2 protein chains.
Amino acid sequence: MGTAERKAKEKEELKHLILEGAKKLFVEKGIEHTTIRNIANEINYSVGTVYVYYKDKNDILHALHMQGFSMLGSRFKVLFSVENPMERLKAMGKEYIRFALENPEMYDLMFNLRAPIEFLDAMKAEEWNEGRATFFILKNTVIACMEQGHFKGLNDAEAVSFMIWSTVHGMCSLEIRDRCKGVAFENPETIVERGYAILLKMIDHI
Amino acid sequence: MGTAERKAKEKEELKHLILEGAKKLFVEKGIEHTTIRNIANEINYSVGTVYVYYKDKNDILHALHMQGFSMLGSRFKVLFSVENPMERLKAMGKEYIRFALENPEMYDLMFNLRAPIEFLDAMKAEEWNEGRATFFILKNTVIACMEQGHFKGLNDAEAVSFMIWSTVHGMCSLEIRDRCKGVAFENPETIVERGYAILLKMIDHI
DNA sequence: TTTGAATTTTGAACAATGTTCAATAATTTT
DNA sequence: AAAATTATTGAACATTGTTCAAAATTCAAA
């Protein structure tokens with residue numbers, strides 16, 4: 001039965017179309033200024049159709065959430081080619097920052113968005129795999145660094161990974177959410193780079 | 001004219017009442033699940049009254065924002081008594097984390113809430129003073145540490161301060177926004193403490 | 001080709017929200 | 001006591017997420 005296949009594909013395509021429309025608008029005007037009606041309008045469908053393919057607005061956010069982790073994950077995977085674990089770790093931080101600052105809406109969605117209960121339930125289930133996998137890449141790199149003699153005196157690889165993740169995440173979040181603007185840094189444009197340079201030096205000296 | 005004074009005081013009191021009612025509900029059921037009608041109901045006034053005293057919902061958020069910085073600031077001020085700058089720096093981090101984890105809604109409001117344009121305008125104006133002051137306390141402490149021979153090889157005190165701020169902010173945000181839950185840490189309850197311990201060791205070793 | 005069932009799409013309708021504002025009530029001044 | 005000023009109200013509006021019966025379309029069988 002070829003018809004069923006084609007229909008399934010069409011459904012997939014429409015689902016994708018909705019998602020891409022949503023993403024475009026999110027990037028253009030921010031997540032909370034994008035309405036379902038906007039999305040429907042953007043792709044020339046009616047509101048109801050969106051709800052056929054996505055249960056919720058949350059469902060859309062969740063789909064984009066996974067897509068975001070997929071993007072970040074593939075950026076990380078490229079870095080497998082960097083043999084030296086310490087170099088790899090540093091490159092990962094750089095890529096992470098680049099991803100966050102180039103895709104602030106996506107990043108916000110992934111890490112800063114207030115999570116409704118259903119969202120959290122989905123996160124605890126299998127679907128959060130991508131996120132967990134991304135953290136494990138970091139953790140394993142830290143472990144590899146330790147095996148090469150780095151992070152001497154620190155035996156808690158998980159905590160080290162969490163601390164590094166928190167640092168880059170914190171810098172990106174403060175930057176993206178414009179909290180840096182209020183602080184009147186001497187050189188606002190470069191503050192994230194400078195902060196990251198400090199982290200690298202600290203990592204090197206231990 | 002004593003009447004005018006009394007009226008002014010009454011107005012102040014009602015404004016405060018609204019704010020406290022809002023805060024109570026924010027803490028109870030989260031910021032975005034608290035409506036103006038809820039707030040009005042909580043203090044037995046009508047919706048309209050709230051709008052007489054606060055221009056916006058944003059206006060309320062903004063007032064609480066300042067109150068939050070005031071709270072955090074006074075916690076920091078207590079630490080002036082700690083003479084040793086390095087000890088003071090460490091205590092500040094601890095206090096910061098305690099504040100964030102004890103007042104997650106307030107913290108979110110201060111650092112993670114999506115800022116509407118008017119909000120940002122107000123931030124750039126004088127009213128962000130509290131926030132700027134808080135960062136300066138941190139920065140000055142870092143400078144004092146440097147003068148005592150710490151942070152050797154790092155000459156950018158601002159970047160060091162930003163990096164430290166980002167680390168504790170990042171850890172608290174990830175924890176508060178439940179992003180830690182998805183990662184399946186070995187020991188989830190203690191991850192922030194452990195992460196902070198790593199930061200302290202790194203600071204010590206440089 | 002025609003038909004009738006299955007599927008897809010629609011948009012009017014609903015409840016909840018932030019916000020406004022003329023009307024009402026309370027207070028103060030004359 | 002009357003007038004004027006001030007404070008409070010809640011109905012009304014626009015916009016949101018969401019639902020669902022109806023309309024439009026597609027498809028397999030006769």
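Lettering follows sequence order; numbering is per chain, from 1. Since we're looking at a predicted model, the values are computed, not measured.
- Taking atom CD of E10(B) as the reference point, atom P of dA7(D) lies 9 Å away to the nearest angstrom.
- Inter-residue side-chain proximity for V50(B) and I60(B) is flagged as met; some heavy-atom pair is nearer than 4.5 Å.
- Applying the ring pair (Phe, Tyr, Trp, His ring centres under 6.0 Å) test to Y45(A) and every residue at least two apart in sequence or in another chain returns nothing.
- For DNA chain D, the neighbouring residues in residues 11-24 of chain B, judged by any heavy atom under 4.0 Å, are K11(B), L14(B).
- Listed by chain and residue number, nothing satisfies the ring pair (Phe, Tyr, Trp, His ring centres under 6.0 Å) test with Y51(A) (two or more places apart in sequence, or in another chain).
- Remark: D204(B) engages K90(B) in a side chain to side chain donor-acceptor pair (under 3.5 Å) (not counting sequence neighbours).
- Whole-Å rounding puts the I36(A) CD1 to dC14(C) P distance at 20 Å.
- Annotation: salt bridge (Lys or Arg N to Asp or Glu O under 4.0 Å) contacts involving residues 64-86 of chain B, sequence neighbours excluded, comprise R75(B)-E95(B), R75(B)-E102(B).
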For nucleotides 11-15 of chain D, list the nitrogen or oxygen atoms of the protein found under 3.5 Å from its nitrogen or oxygen atoms, one pair per line.
none

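- With sequence neighbours left out, the side chain to side chain donor-acceptor pair (under 3.5 Å) criterion links E186(A) to K139(B).
- Separating the CD1 atom of I43(A) from the P atom of dT10(C) is a distance of 9 Å, rounded to the nearest angstrom.
- Not counting sequence neighbours, the partners of D156(B) by the side chain to side chain donor-acceptor pair (under 3.5 Å) test are R194(A).
- For residues 36-62 of chain B, the pairs satisfying salt bridge (Lys or Arg N to Asp or Glu O under 4.0 Å) are K24(B)-E42(B), with sequence neighbours left out.
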Please produce a list of atom pairs where a protein N or O lies less than 3.5 Å from an N or O of nucleotides 22-24 of chain D.
none

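- Residues that satisfy the side chain to side chain donor-acceptor pair (under 3.5 Å) test with D178(A), not counting sequence neighbours, are K181(A).
- Partners of Y54(A) under the ring pair (Phe, Tyr, Trp, His ring centres under 6.0 Å) rule, at least two apart in sequence or in another chain, do not exist in this structure.
- Centroid-to-centroid, the aromatic rings of H169(A) and Y107(A) come within less than 6.0 Å.
- Dashed line: the shortest gap from a side-chain N or O of Y51(A) to OP1 or OP2 of dT18(D) is under 4.0 Å.
- When the side-chain nitrogen and oxygen atoms of Y53(B) are compared with OP1 and OP2 of dT8(D), one or more of them lie within a distance under 4.0 Å.
- Remark: P of dG17(D) and CG of N38(A) are 8 Å apart, rounded to the nearest angstrom.
- Rounded to an integer number of Å, the gap from Y45(B) OH to dA26(C) P is 12 Å.
- Both K55(A) and K7(B) sit near DNA chain D, but only K7(B) has its closest nucleotide nearer the 5' end.
- Rounded to whole Å, atom P of dG17(D) lies 16 Å from atom OH of Y54(A).
- For T49(A), a side-chain nitrogen or oxygen approaches OP1 or OP2 of dT10(C) to under 4.0 Å.
- Nucleotide dT19(C) holds its C1' atom 13 Å from the CD1 atom of I39(B), rounded to whole Å.
- As a whole-Å value, the separation of H33(B) NE2 from dT16(D) P is 18 Å.
- No close placement of the F135(A) and F162(A) rings is indicated, their centers lying 6.0 Å or farther apart.
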